[in-house]
> 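Following this message is one structure expressed as structure tokens.
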Amino acid sequence: MTRKRILDIDRFVATIESNYRQWDPPIITFIANRGATPFEVLVSTLLSLRTKDEVTGVAARRLLRAARTPETMVALTPQEIERLIYPVGFYPTKARRLLAISRLLLDRYGGKVPDTLEELTALPGVGRKTANLVLVEGFKIPAICVDTHVHRISNRIGYVKTKNADKTELALRKKLPRRHWVRYNELLVAFGQVLCRPVSPFCSRCPVADMCPQIGVDRHR
DNA sequence: AAAACGGGGGC
DNA sequence: GCCCCAGTTTT
């Protein structure tokens, strides 16, 4: 007779929260702990496309030191941007997108980043994930940003069971208490970067291992 | 040499 | 939903 195990999401979030400050994940350290502006969140996310989090963090710092507003961004040439963001890869695409979005923000929004999902996803190169991240980290508006970490870990701990990120977002919208929405993303990204990695997670050092049904299933350390 | 890193957009 | 995209690092 098998009993359905229910994840105690409050205890899960609280446990991650109490361990959070011991970790030093590059993206979250840069975006969340530093109180980044919406534009900085947007730029960091555009750099992160198919790029490891550590690399993105270093490149984002360097680029944003040179240009932390749309005004200063459009003053850079594509070549200057490409040099600043090395080695994230995909330079022409990323430089073009950064410039296009910066110009568009200046033309349409007076240099401000809009704060609705509809306006954000209308920007070229901005989809649901990026838009939700700007909302929740840039504006601190309750939103659920399902990036690869949130998707992987939400499923790994058995809180949701979905194949794709959009489904996970819908499921979390229904299940996850609203009081966790703002914190959930950054906690899970930090957790996912440092311990609950895609392959070979460090289960032996995991503070929520007792709540995880995947212990002993994945190859873990 | 192959896999991992991730998300947007077009159809 | 499925496919395309295309550079660097890790295994």
Side-chain angles (χ1 to χ4, degrees), chain A residues 23-32 38-63 78-105 113-114 116-138 143-156 160-173 184-186 188-202 214 218-221:
Chain A
W23 304 328
D24 189 27
I27 291 301
I28 284 302
T29 306
F30 184 71
I31 290 182
F39 184 70
E40 290 178 310
V41 176
L42 188 53
V43 169
S44 305
T45 312
L46 293 173
L47 289 184
S48 78
L49 200 65
R50 200 169 169 109
T51 302
K52 288 182 177 58
D53 292 324
E54 305 88 274
V55 175
T56 306
V58 173
R61 282 168 201 273
R62 202 183 311 123
L63 176 61
Q79 291 72 28
E80 287 173 322
I81 293 178
E82 292 182 20
R83 192 159 35 78
L84 286 164
I85 64 179
Y86 182 86
V88 298
F90 306 88
Y91 308 107
T93 305
K94 287 178 178 177
R96 215 183 316 120
R97 267 190 196 164
L98 287 165
L99 283 170
I101 285 186
S102 297
R103 289 198 195 99
L104 215 149
L105 291 177
V113 177
T116 68
L117 192 65
E118 294 70 30
E119 291 172 298
L120 285 166
T121 51
L123 299 173
V126 177
R128 289 194 72 84
K129 180 261 172 180
T130 305
N132 278 317
L133 189 67
V134 170
L135 290 179
V136 71
E137 291 305 331
I144 295 177
C145 168
V146 179
D147 70 348
T148 180
H149 296 294
V150 172
H151 180 56
R152 177 182 73 256
I153 296 168
S154 296
N155 280 280
R156 193 177 265 174
V160 302
K161 296 177 170 67
T162 62
K163 295 275 185 204
N164 67 58
D166 286 346
K167 293 248 176 66
T168 296
E169 189 193 323
L170 289 180
L172 287 176
R173 247 173 217 294
Y184 193 75
N185 174 258
E186 59 197 58
L188 260 59
V189 171
F191 180 48
Q193 286 183 322
V194 177
L195 292 178
C196 198
R197 303 182 316 182
V199 298
S200 305
F202 292 101
Q214 290 297 310
D218 290 349
R219 190 163 73 86
H220 60 280
R221 301 181 184 176

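Each chain gets a letter, A, B and so on, in the order the sequences are listed, and its residues count up from 1. When reading the values below, keep in mind they use all heavy atoms of this one structure, side chains included, and skip hydrogens, waters and symmetry mates.
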> Strictly distance-based, threshold 3.5 Å: is any side-chain N or O of A:T51 a donor or acceptor partner for the main-chain N or O of A:V88?
yes
> Looking across every strand, which nucleic acid part, if any, lies under 4.0 Å from A:N164 by heavy atom: base, sugar-phosphate, or nothing?
nothing
> Which atoms of nucleotides 8-10 of chain C (N or O only) lie under 3.5 Å from a protein N or O atom, and what are those distances?
unit_1 : atom_1 : unit_2 : atom_2 : d
C:dT8  : OP1    : A:Y91  : OH     : 3.3

> Would you kindly give the CD1-to-C1' distance between A:I27 and B:dG7, to the nearest whole Å?
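So the two atoms are 14 Å apart, to the nearest Å.
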> Round to the nearest Å and state the distance from A:E169 atom CD to B:dG7 atom P.
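In whole Å, B:dG7 P and A:E169 CD are 13 Å from each other.
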> With distance as the sole test, does A:T121 use its side chain to make a donor-acceptor pair with the main-chain N or O of A:E118 at under 3.5 Å?
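Confirmed, A:T121 side chain pairs with A:E118 backbone.
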> Side-chain contact test, heavy atoms from C-beta onward, threshold under 4.5 Å: evaluate it for A:I27 versus A:S44 and give yes or no.
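The answer is no; the side chains never approach within 4.5 Å.
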> Which ranges of DNA chain B pair up as stems, where a stem means three or more consecutive Watson-Crick or G-U pairs with both distances under 3.5 Å?
B:1-5 with C:7-11, B:7-11 with C:1-5
> Whole angstroms only, please: what is the CZ-P distance between A:R96 and C:dG7?
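In whole Å, C:dG7 P and A:R96 CZ are 11 Å from each other.
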> Is the backbone N or O of A:A143 less than 3.5 Å from a side-chain atom of A:N132, with the two atoms forming a donor-acceptor pair by type?
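Checking the backbone N and O of A:A143 against the side chain of A:N132, no donor-acceptor pair under 3.5 Å is found.
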> Starting from C1' on B:dG6, measure out to CZ on A:F90 and report it in whole angstrom.
9 Å
> Check the interface with nucleotides 8-11 of chain B: list each N/O to N/O pair with the protein under 3.5 Å, or write none.
unit_1 : atom_1 : unit_2 : atom_2 : d
B:dG8  : OP1    : A:G127 : N      : 3.0
B:dG8  : OP1    : A:T130 : N      : 3.1
B:dG8  : OP1    : A:T130 : OG1    : 2.7
B:dG9  : OP1    : A:G125 : N      : 2.4
B:dG9  : OP2    : A:V126 : O      : 3.4

> What integer distance in Å separates A:L188:CG from B:dG6:P?
14 Å
> Can you tell me how far P in C:dA6 sits from the matching atom in B:dC11, rounded to whole Å?
15 Å
> Rounded to whole angstrom, note down the C1' distance from C:dG7 over to B:dG10.
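Between the two C1' atoms, the distance is 22 Å.
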> So A:L49 and A:F90, do their side chains get closer than 4.5 Å, heavy atoms only?
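When only atoms from C-beta onward are counted, A:L49 and A:F90 do not touch, as no gap falls below 4.5 Å.
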> Does any part of the side chain of A:V150, heavy atoms only, come nearer than 4.5 Å to the side chain of A:C145, both counted from C-beta?
no
> Please determine whether a side-chain nitrogen or oxygen atom of A:T51 lies at a distance below 4.0 Å from atom OP1 or OP2 of B:dG6.
no
> State, yes or no, whether a side-chain contact exists between A:P124 and A:I101 at a heavy-atom distance under 4.5 Å.
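In contact.
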> Between A:L42 and A:L105, is any pair of side-chain heavy atoms under 4.5 Å apart?
yes
> Looking only at atom C1', what distance separates B:dG9 and C:dT8, rounded to whole Å?
23 Å
> Please give the distance between the C1' atoms of B:dG8 and C:dT9 as a whole number of Å.
23 Å
> Does any non-hydrogen side-chain atom of A:T56 lie less than 4.5 Å from one of A:P26?
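Of all side-chain heavy-atom pairs linking A:T56 with A:P26, none is under 4.5 Å.
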> Is a donor from one side chain sitting under 3.5 angstrom from an acceptor on the other, for A:D53 and A:H149?
yes
> Contact between A:L63 and A:L98 at the side-chain level, heavy atoms closer than 4.5 Å - yes or no?
yes
> Using whole Å, report how far CD of A:E82 lies from P of C:dG7.
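The answer, rounded to whole Å, is 10 Å.
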> Find the distance A:L46:CG to C:dG7:C1' and express it as a whole number of Å.
17 Å
> Might you point out which heavy atoms bring A:R62 and A:Y86 nearest each other, and give the distance in Å?
NH1-O, 3.0 Å
